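If you're wondering where the values come from, they're calculated on a predicted model, not measured in any experiment. Reckoned from all heavy atoms, side chains included, excluding hydrogens, waters and symmetry mates.
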Amino acid sequence: MSEPNLSERPPHDEAEELLPWYATGQLDEADRARVDAHLSTCASCRKQLSLERQLIDEFQAMSPEIESGWARLQSRLNAPVAAVQYSPTPPRPTRPNPFAEMWAILSRPAVAGLAIAQLAFVVAAGTILLSLSRPSYQTLGSAPAPTSANMIVMFRADATIEDVRRSLDAAGASIVDGPSLADAYLLHVAPQRRATALAKLQSDDNVQLAQPIDGARS
Amino acid sequence: MSWSGILQRPKAEEARAAAPDDRELIARVSSGDLQAFERLYRLYQPRLTRFLTTLLKRPQLIEEVLDDTMMVVWQTAGNFRGSSKPSTWVFAIAYRKAIKARARWPDPVEEPDFDHRVSEEPLPDEELHQERLRGALLKAMDQLSPDHRAVVDLTYFHGLGYREIAEIVGCPVDTVKTRMFHARKRLKQAMSGSLVDWL
Ligand SMILES: [Zn+2]
């Protein structure tokens with residue numbers, strides 16, 4: 001019996017190294033026979049072989065040239081659209097409506113995934129926007145329905161409809177719009193009850209966030 | 001078998017059956033056959049673009065190196081001795097050109113952030129997982145050296161053996177094997193990482 005050749009590498013190491021080309025069918029007869037023999041005795045290499053096949057599938061399906069081309073084009077899509085003329089008629093000048101804008105933001109699917117702290121920031125930013133634009137808001141006269149809202153509230157995800165109704169009743173608030181995708185409601189509270197309603201909602205266990213949105217300070 | 005039968009075959013199949021192999025095309029290119037060169041270009045352009053995209057980050061550079069590579073093929077087709085496969089010869093030219101180009105124009109510093117690719121649209125679990133997995137693999141590839149990326153792409157996408165790869169990148173076969181071994185470790189980590197995210 002011949003002694004095992006010590007200068008040779010362990011069969012496992014050798015086979016493991018060759019697995020990618022075994023999987024793609026690129027080994028010559030001798031290499032393939034060695035890997036075959038080892039695979040029949042090594043569960044670890046058999047497991048790795050299935051990973052190799054998965055990697056081959058992924059790389060075949062992947063198109064870095066499309067990814068890089070798309071990234072390049074996308075950066076142009078995200079550029080300011082001011083230069084692009086979509087409609088043949090010039091757009092009608094519209095009065096800024098911060099309510100509608102903020103509500104539109106809160107209704108976006110992306111916002112639904114935001115953490116409560118991030119939402120609080122969105123709402124706070126909206127409130128500042130509102131207070132800045134307050135003079136023009138006051139001249140609106142016959143305001144659309146959402147502008148009667150003066151508070152925004154978000155309930156805990158596990159709050160039932162009954163919970164929501166009870167909380168709103170207790171605060172003396174009525175729903176103006178909602179729920180948005182982020183589970184936010186726009187509320188109207190009589191101005192003289194504003195401070196107490198806000199305090200009630202903010203201490204309510206079912207409420208995650210309650211904030212005035214008409215810019216007035218309580 | 002009748003010749004008329006062959007001539008009446010559908011066009012695509014006819015084109016494939018009648019397509020001269022790369023070896024013949026290169027021989028014709030060496031005698032200045034522009035038509036043969038165009039066919040060779042059409043044959044190699046997609047594969048070379050893919051290969052160069054894994055090596056270079058600047059899109060303009062990819063185009064430039066692609067053109068340079070094909071110009072060398074046009075000018076030196078007569079030097080092709082046929083001891084290796086034509087694809088090995090062409091890819092080796094592209095690899096050397098890419099290395100030189102990268103030395104002149106290093107990769108842009110900011111890394112492309114593949115995380116942004118994950119869409120905000122709700123996707124079925126399976127699709128979401130697929131997208132995350134692909135994103136994780138692209139990111140892992142991005143963190144490998146260009147030399148490692150070349151070996152990975154030539155193995156998994158282009159389906160080349162380690163000897164051909166060694167010839168293309170100009171290194172010993174053992175280096176190809178160890179580069180591949182290292183790269184696979186990273187890619188598998190990325191794969192299992194994306195699975196953990198998903199669960
Ligand atoms: Zn093994």
**Q** Nearest heavy-atom pair of Phe91(B) and Arg47(B): which atoms, and what distance?
**A** CZ-CB, 4.0 Å

**Q** Which heavy atom in Ala94(B) sits nearest to a heavy atom in Leu52(B), and how many Å separate them?
**A** O-CD2, 4.0 Å

**Q** Check each atom of Phe181(B) against the heavy atoms of chain A and say whether the ones under 4.5 Å are side chain, backbone, both or neither.
**A** side chain

**Q** Find the one option among Leu51(A), Leu55(A), Ile56(A) whose heavy-atom pairs under 4.5 Å with chain B are most numerous.
**A** Leu55(A)

**Q** Checking heavy atoms, do the side chain of Thr54(B), its backbone, both or neither come under 4.5 Å from chain A?
**A** side chain

**Q** Considering all heavy atoms of both residues, which atom of Asp153(B) and which atom of Phe51(B) are nearest to each other, and what is their separation?
**A** OD2-CA, 3.7 Å

**Q** Gln54(A) versus chain B, heavy atoms under 4.5 Å apart: side chain, backbone, both or neither?
**A** side chain

**Q** Tell me, do Ile168(B) and Trp89(B) make a side-chain contact under 4.5 Å, heavy atoms counted?
**A** no

**Q** Output every pair passing salt bridge (charged side-chain N to carboxylate O under 4.0 Å, His left out) with a member in residues 22-43 of chain A, not counting sequence neighbours, ordered by first then second residue.
**A** Glu14(A)-Arg34(A), Asp28(A)-Arg163(B), Glu29(A)-Arg32(A), Asp31(A)-Arg34(A)

**Q** Quick one: does Leu66(B)'s side chain get under 4.5 Å of Tyr44(B)'s, heavy atoms only?
**A** no

**Q** Given Arg9(A) and Glu17(A), is the salt bridge (charged side-chain N to carboxylate O under 4.0 Å, His left out) satisfied, shown in steps?
**A** CA-CA 11 Å; Arg9(A) 308 182 51 219; Glu17(A) 244 176 26; 3.1 Å; yes

**Q** Can you say whether Val173(B) sits under 4.5 Å from chain A via the side chain, the backbone, both, or neither, judging by heavy atoms?
**A** neither

**Q** What residues of residues 19-26 of chain A make heavy-atom contacts with chain B at a cutoff under 4.5 angstrom?
**A** Leu19(A), Pro20(A), Trp21(A), Thr24(A), Gln26(A)

**Q** Ile62(B) and Leu56(B): which non-hydrogen atoms are nearest, and at how many Å?
**A** CD1-O, 3.7 Å

**Q** Of the non-hydrogen atoms in Ser84(B) and Arg23(B), which two are nearest, and what is the gap between them?
**A** O-NH2, 3.7 Å

**Q** When only pairs under 4.5 Å are counted, which of Glu164(B), Arg184(B), Lys188(B), Lys177(B) shares the most heavy-atom pairs with chain A?
**A** Arg184(B)

